[in-house]
2 protein chains.
Amino acid sequence: MIANLKALPDKTIERLSQYRRNLLICLSKGKQHIFSHEIAQIHNITPVQVRRDLMLIGHSGTLRKGYDVKELIDLIGRILDTKDGLKVCVVGIGNLGRSLIGYFNGRRSKLSIVAGFDVNPDKVDKNYAGVHCHHVDRLNEIIKRDGITIAIITVPAEQAPDVAEKLVIAGIKGILNYTPKSVNVAPHVYLEEYDMITSLEKVAYFVKRNGNAE
Amino acid sequence: MIANLKALPDKTIERLSQYRRNLLICLSKGKQHIFSHEIAQIHNITPVQVRRDLMLIGHSGTLRKGYDVKELIDLIGRILDTKDGLKVCVVGIGNLGRSLIGYFNGRRSKLSIVAGFDVNPDKVDKNYAGVHCHHVDRLNEIIKRDGITIAIITVPAEQAPDVAEKLVIAGIKGILNYTPKSVNVAPHVYLEEYDMITSLEKVAYFVKRNGNAE
DNA sequence: GTAACATTGTTAAATTTGTAACAATGATAT
DNA sequence: ATATCATTGTTACAAATTTAACAATGTTAC
Ligand SMILES: NC(=O)c1ccc[n+]([C@@H]2O[C@H](COP(=O)([O-])OP(=O)(O)OC[C@H]3O[C@@H](n4cnc5c(N)ncnc54)[C@H](O)[C@@H]3O)[C@@H](O)[C@H]2O)c1
Ligand SMILES: NC(=O)c1ccc[n+]([C@@H]2O[C@H](COP(=O)([O-])OP(=O)(O)OC[C@H]3O[C@@H](n4cnc5c(N)ncnc54)[C@H](O)[C@@H]3O)[C@@H](O)[C@H]2O)c1
């Protein structure tokens with residue numbers, strides 16, 4: 001454990017994840033050093049914010065060359081990743097669930113979707129992008145057996161609270177809920193919720209407010 | 001225009017969207033009045049926050065019965081919706097794009113996806129959940145012809161900046177970018193970006209930090 | 001060598017967001 | 001009638017986040 005003794009701000013964590021993704025691209029293009037204003041431009045933010053984030057994680061750049069891309073990637077990895085990686089499951093292998101599996105897998109070495117769950121017999125015991133779909137009745141069993149710690153919920157909204165409860169009982173430590181229905185979890189479980197309709201309505205509100213529509 | 005003369009906080013807008021969705025459900029169940037603590041519980045937030053949001057939009061509840069569900073829905077509608085509704089297009093009719101179309105449409109009367117765009121000839125001129133897919137070369141034409149003001153980007157990440165630029169030229173006023181690649185737009189265009197990998201990495205970080213993994 | 005310069009690291013201020021405190025209200029019970 | 005009560009509306013406070021300001025640094029040009 002290097003520099004993340006003190007808790008980092010939520011927003012900094014989000015940006016670190018994004019910095020890393022683009023730093024990896026930079027590295028693959030052979031770029032070895034990068035300035036705060038270059039990172040900033042990639043992400044549409046200010047150089048100050050980049051420098052502040054990097055300060056918080058204890059990274060030092062050099063004055064005339066900026067930050068060492070490889071070092072920075074490693075450091076962010078030490079903060080975001082766990083040594084052996086974490087396992088993820090998806091509950092609800094519908095349109096969104098299948099999209100996610102196809103999209104995520106193979107992108108992160110330290111984070112992989114290893115199981116799916118559904119109630120629909122047509123989907124159970126089939127594979128989706130290499131991920132096996134189990135019946136949701138085996139949720140508890142499989143999660144414990146495989147040491148899965150994170151779950152993504154993509155079942156129909158009404159089912160979400162029920163699924164969340166089962167996940168917590170099964171010992172899940174973090175939940176990403178894509179359902180518009182908010183769920184309750186025990187305080188030791190980290191919960192992140194995202195609602196696409198809200199995002200779209202928010203865009204619509206600001207379009208309206210910018211005076212371009214009434 | 002009633003009470004949204006002064007700008008409402010970002011976060012309040014997000015919550016209003018969520019309040020409304022659940023208020024509609026309440027109404028459909030015959031519930032006519034609701035207390036701040038009931039709304040709060042649905043969304044895992046505090047009653048104070050609910051009251052504060054409603055204060056900001058100028059809504060008054062009654063003391064013993066709480067808020068009138070129907071009135072509240074109407075008021076939120078006056079804030080979030082435009083009279084004639086706004087039209088939305090999706091650029092990139094892949095896995096995510098198709099999921100979104102299937103999911104969104106029919107859910108909001110004042111916000112509807114009316115067109116899709118893709119480069120793949122196999123997809124062009126087909127319908128997806130009732131939405132026609134045009135070749136992306138016709139982007140400008142169709143957006144202007146149909147008065148589309150909002151776009152959702154779900155093309156491969158590398159294509160996103162290019163697509164965004166075209167959208168802005170075509171006169172789009174708001175963009176929702178689901179690509180992990182950040183895009184630049186003119187300042188009068190409202191931009192919202194969401195990155196699922198970041199969300200998942202954030203969950204993983206907090207799982208790790210809560211001491212459940214190393 | 002030294003002046004000019006771009007860039008970093010850090011502290012301070014501003015802004016945004018959430019929380020707490022509490023008076024005001026008016027329905028209900030006695 | 002009056003006291004009690006749950007609930008609202010609002011103000012004041014606290015926490016989180018972003019932005020600004022600027023000294024420190026070491027490289028480059030001369
Ligand atoms: N499709 C999208 O683009 C999109 C976007 C945003 C949010 N969402 C949300 O994601 C959720 C799923 O959307 P979708 O379009 O994939 O729907 P879908 O109907 O295609 O998929 C839902 C899947 O969940 C399964 N399921 C139902 N009950 C279950 C249970 N108790 N346990 C396990 N599996 C169960 C169904 O068999 C089905 O396969 C919905 O809540 C929706 O609101 C979807
Ligand atoms: N699938 C997911 O669950 C998911 C989740 C998060 C983010 N994303 C992001 O969404 C984007 C799309 O993901 P996907 O899984 O749907 O990919 P996909 O490959 O299934 O779909 C991409 C579609 O875009 C089309 N396209 C390519 N270039 C285009 C252009 N210039 N103009 C118009 N259309 C073009 C392709 O023909 C294809 O139909 C990616 O950037 C991905 O990072 C996807």
Side-chain angles (χ1 to χ4, degrees), chain A residues 3-4 6-19 23 31-69 71-72 75 182 187 190-193 198 202 205-206 209, chain B residues 2-3 6-19 23 31-69 71-72 75 182 187 190-193 198 202 205-206 209:
Chain A
N4 55 342
K6 41 194 164 307
L8 294 166
D10 247 63
K11 294 297 163 83
T12 294
I13 294 300
E14 293 179 13
R15 283 189 297 267
L16 288 176
S17 159
Q18 288 162 0
Y19 296 162
L23 289 170
K31 192 169 173 63
Q32 300 192 351
H33 297 277
I34 193 165
F35 295 120
S36 62
H37 67 260
E38 293 178 294
I39 298 180
Q41 193 183 339
I42 293 171
H43 299 94
N44 273 324
I45 57 178
T46 65
V48 186
Q49 193 157 57
V50 173
R51 292 207 299 277
R52 209 170 191 296
D53 286 336
L54 300 190
M55 183 192 84
L56 289 175
I57 66 174
H59 184 74
S60 285
T62 62
L63 205 37
R64 209 61 179 194
K65 289 200 278 188
Y67 305 93
D68 183 296
V69 175
E71 265 180 30
L72 195 43
L75 181 54
S182 202
Y190 184 82
L191 174 66
E192 172 92 4
E193 306 198 302
T198 290
K202 189 177 164 193
Y205 169 78
F206 283 103
R209 200 170 86 180
Chain B
I2 306 295
K6 43 195 160 306
L8 294 165
D10 246 62
K11 294 299 162 86
T12 294
I13 295 299
E14 293 179 14
R15 285 190 295 268
L16 288 176
S17 160
Q18 289 162 358
Y19 296 161
L23 289 169
K31 192 169 172 62
Q32 300 192 352
H33 298 275
I34 193 165
F35 295 120
S36 62
H37 67 259
E38 293 178 292
I39 298 179
Q41 193 182 337
I42 292 171
H43 300 93
N44 273 322
I45 57 178
T46 65
V48 186
Q49 194 158 57
V50 174
R51 293 207 298 277
R52 209 171 187 297
D53 286 336
L54 299 191
M55 183 191 85
L56 290 175
I57 65 174
H59 185 75
S60 285
T62 63
L63 206 37
R64 209 61 179 192
K65 289 198 277 187
Y67 304 94
D68 183 297
V69 175
E71 264 179 31
L72 195 43
L75 180 53
S182 204
Y190 184 82
L191 174 66
E192 173 92 4
E193 306 198 302
T198 290
K202 187 176 165 194
Y205 169 78
F206 283 102
R209 200 170 86 178

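Below, each value reflects all heavy atoms present in this structure, side chains not excepted, and no hydrogens, waters or symmetry copies. Order of the sequence lines fixes the chain letters, A, B, ..., with proteins taken first and strands second; residue numbering starts at 1 for each chain.
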Practice item. Mind checking side-chain contact (heavy atoms from CB on, under 4.5 Å) for Ser60(A) and listing every partner two or more places apart, or none if nothing turns up? Key: none

Just the rounded figure in Å: distance from [atom2] of [N] to [atom1] of [X].
{"X": "Ile45(A)", "N": "dT19(D)", "atom1": "CD1", "atom2": "C1'", "value": "12 Å"}
{"X": "Gln49(A)", "N": "dA14(C)", "atom1": "CD", "atom2": "C1'", "value": "14 Å"}
{"X": "His43(A)", "N": "dT18(D)", "atom1": "NE2", "atom2": "P", "value": "14 Å"}
{"X": "Lys11(A)", "N": "dA15(D)", "atom1": "NZ", "atom2": "P", "value": "18 Å"}
{"X": "Leu56(B)", "N": "dT19(C)", "atom1": "CG", "atom2": "P", "value": "14 Å"}
{"X": "Glu14(A)", "N": "dA16(D)", "atom1": "CD", "atom2": "C1'", "value": "13 Å"}

Review point. What does nucleotides 6-11 of chain D look like as a protein-contact string, B for base, S for sugar-phosphate only, - for none, at under 4.0 angstrom between heavy atoms?
Key: BBBBBB

Practice item. Please list all pairs passing the salt bridge (Lys or Arg N to Asp or Glu O under 4.0 Å) test where one or both residues lie in residues 47-60 of chain A, with sequence neighbours left out. Key: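 Pairs touching residues 47-60 of chain A that pass the test: Arg15(A)-Asp53(A).
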
Review point. Can you list every pair that meets salt bridge (Lys or Arg N to Asp or Glu O under 4.0 Å) and has a residue in residues 34-48 of chain A, with sequence neighbours left out?
Key: Lys31(A)-Glu38(A)

Exercise for review: Please identify each residue that fulfils ring pair (Phe, Tyr, Trp, His ring centres under 6.0 Å) with His33(A), with sequence neighbours left out.
Suggested key: none

Exercise for review: Mind telling me whether Tyr190(B) and Phe206(A) have parallel, tilted or perpendicular rings, with 30° and 60° as the class edges?
Suggested key: parallel

Practice item. With sequence neighbours left out, write down each residue that passes salt bridge (Lys or Arg N to Asp or Glu O under 4.0 Å) with Glu192(A), or none if nothing qualifies. Key: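 Glu192(A) satisfies salt bridge (Lys or Arg N to Asp or Glu O under 4.0 Å) with Lys202(B) once adjacent residues are dropped.
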
